[in-house]
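In what follows, a structure is listed as structure tokens, so that the remarks can point back to it.
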Amino acid sequence: MADGYSLETPFYEDQVMPIRRHNNLDPLMGLLGHRFADDRLLKQALTHPSFTTAKRHKAGKISPYERLEFLGDRVLGLVIAHWLYDLYPDVAEGELAKRHASLVNRDALKETALKLGLEPYLVLAQGEEVNVDRKNLAVLSDATEGIIGAMYLDGGLAPAERFIKKYWDQMIRIDAMPSDPKTTLQEFAQSKRLPLPTYNEIERSGPAHEPHFVIEVMMQGYPPQQGEGTSKRLAEKAAATRLLEKVTKV
């Protein structure tokens with residue numbers, strides 16, 4: 001076993017060697033804003049099914065990780081739906097559904113995982129294909145859903161909702177615009193027979209769990225504009241929004 005590794009949840013004897021670089025979960029719980037009464041739930045959410053061999057799956061044993069992922073997905077969906085309902089009382093159901101889909105997806109979950117610096121806490125099977133790219137989109141997004149499910153089981157809806165509202169706040173306010181600013185800007189360029197806008201990363205700063213990006217958007221005939229955000233996607237949207245404000249004034 002890896003030095004200092006401990007996991008209280010029982011596993012089959014034919015397990016493979018685990019990989020986890022951070023065994024102290026206290027810093028992660030601090031970022032989550034929730035101190036687990038039963039930290040086995042958090043450990044289960046961080047333990048990828050690849051940690052056990054195919055024999056366990058063939059034996060029909062159920063993965064706690066996948067069950068927590070299932071639950072977390074539903075909790076996230078409910079919190080975002082209620083939040084959108086309250087935040088935008090004059091928006092119709094169809095538009096709410098579009099906004100909901102843009103917030104409850106793997107891209108949004110991965111962005112949150114990167115803000116948390118989640119990757120070193122994951123327990124993965126040594127030698128498994130998933131370890132080739134430890135920032136794999138599916139692994140990080142699924143684990144984030146599992147953590148939300150674990151928080152819900154440990155403390156109820158309140159801690160899960162606080163966590164979601166903290167880490168989805170910027171996304172919900174940008175993604176919930178009447179239309180996607182990047183798409184609108186692209187359509188504007190096409191209507192004027194201009195080359196499509198281009199986006200360039202100007203600056204990247206901050207720690208891994210709380211990155212900060214500055215992106216510049218350029219479009220022929222208009223001054224470049226910059227946007228900031230905790231991910232490239234959000235910074236690009238912020239930059240597109242600022243350029244749209246300029247072109248509509250012309």
Side-chain angles (χ1 to χ4, degrees), residues 1-11 15 17-52 63-76 79-80 103-104 106-126 128 130-131 133-171 205-212 230-231 234:
M1 293 291 185
D3 292 343
Y5 175 78
S6 65
L7 187 65
E8 294 159 10
T9 304
F11 286 92
Q15 292 169 338
M17 189 75 74
I19 295 177
R20 176 197 270 159
R21 295 209 304 272
H22 287 180
N23 293 315
N24 180 7
L25 298 180
D26 287 345
L28 178 58
M29 284 193 269
L31 292 171
L32 296 176
H34 177 66
R35 176 66 54 180
F36 277 77
D38 182 2
D39 65 1
R40 290 177 302 175
L41 290 166
L42 179 57
K43 291 174 181 177
Q44 288 173 347
L46 295 169
T47 304
H48 192 267
S50 68
F51 181 71
T52 57
S63 166
Y65 174 101
E66 292 166 339
R67 285 171 53 82
L68 288 170
E69 175 194 340
F70 167 84
L71 180 60
D73 175 65
R74 274 64 184 177
V75 174
L76 175 62
V79 170
I80 293 296
L103 295 162
V104 183
R106 284 186 164 176
D107 286 337
L109 286 158
K110 183 185 178 183
E111 286 179 14
T112 300
L114 293 174
K115 291 175 189 176
L116 292 170
L118 191 59
E119 174 259 334
Y121 294 98
L122 297 177
V123 179
L124 303 171
Q126 190 175 44
E128 290 289 330
V130 71
N131 290 323
D133 180 9
R134 288 173 62 87
K135 286 184 170 59
N136 180 277
L137 174 62
V139 173
L140 287 174
S141 60
D142 292 349
T144 305
E145 285 181 328
I147 288 173
I148 293 172
M151 293 175 69
Y152 175 77
L153 288 179
D154 190 71
L157 184 61
E161 184 173 17
R162 283 196 302 270
F163 167 76
I164 293 166
K165 288 197 170 184
K166 176 180 178 180
Y167 286 95
W168 265 259
D169 183 69
Q170 186 179 23
M171 289 187 283
S205 60
H209 69 274
E210 195 174 355
H212 181 80
T230 54
S231 72
L234 293 175

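Here, residue 1 is the first one in the sequence, and each next residue gets the next number. All values reported here derive from a predicted model rather than from experimental measurement.
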For the atom pair [atom1] ([X]) and [atom2] ([Y]), what is the distance rounded to the nearest 0.5 Å?
X      : Y      : atom1 : atom2 : result
Ser231 : Gln170 : OG    : CD    : 7.0 Å
Leu31  : Asp26  : CG    : CG    : 11.5 Å
Leu234 : Glu111 : CG    : CD    : 5.0 Å
Ile148 : Leu76  : CD1   : CG    : 4.5 Å

Residue from Leu46, Asn24, Ile147, Leu116 passing side chain to side chain contact (heavy atoms under 4.5 Å, CB included) with Tyr121: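 Among Leu46, Asn24, Ile147, Leu116, the one that satisfies the side chain to side chain contact (heavy atoms under 4.5 Å, CB included) with Tyr121 is Leu46.
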
For a 4.5 angstrom cut-off between non-hydrogen side-chain atoms, does [X] reach [Y]?
X      : Y      : result
Leu28  : Phe36  : no
Leu140 : Leu122 : yes
Val104 : Asp73  : yes
Leu32  : Leu42  : yes
Phe163 : His34  : no

Worked verdict on Val79 versus Leu157 for side chain to side chain contact (heavy atoms under 4.5 Å, CB included): CA-CA 9 Å; Val79 170; Leu157 184 61; 3.9 Å; yes

Set of residues satisfying salt bridge (charged side-chain N to carboxylate O under 4.0 Å, His left out) with respect to Lys166, sequence neighbours excluded: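 Once residues adjacent in sequence are excluded, Lys166 has no partner under the salt bridge (charged side-chain N to carboxylate O under 4.0 Å, His left out) criterion.
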
By salt bridge (charged side-chain N to carboxylate O under 4.0 Å, His left out) - contacts of Glu145 (at least two apart):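 By the salt bridge (charged side-chain N to carboxylate O under 4.0 Å, His left out) rule, Glu145 matches no residue at all.
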
Do you know the tightest heavy-atom contact between [X] and [Y]?
X      : Y      : value
Pro159 : Met151 : O-CE, 3.3 Å
Ala108 : Met171 : CB-SD, 3.8 Å
Arg162 : Gly33  : NH2-O, 4.4 Å
Arg106 : Ala138 : NH1-CB, 3.6 Å
Trp168 : Leu103 : NE1-O, 2.9 Å
Tyr65  : Thr47  : CD1-O, 3.1 Å

Working for side chain to side chain contact (heavy atoms under 4.5 Å, CB included), residues Asp38 and Leu153: CA-CA 9 Å; Asp38 182 2; Leu153 288 179; over 6 Å; no

Heavy-atom neighbours of Tyr152 OH exceed 12 at 6.0 Å: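 Open: at most 12 neighbouring heavy atoms sit under 6.0 Å from OH of Tyr152.
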
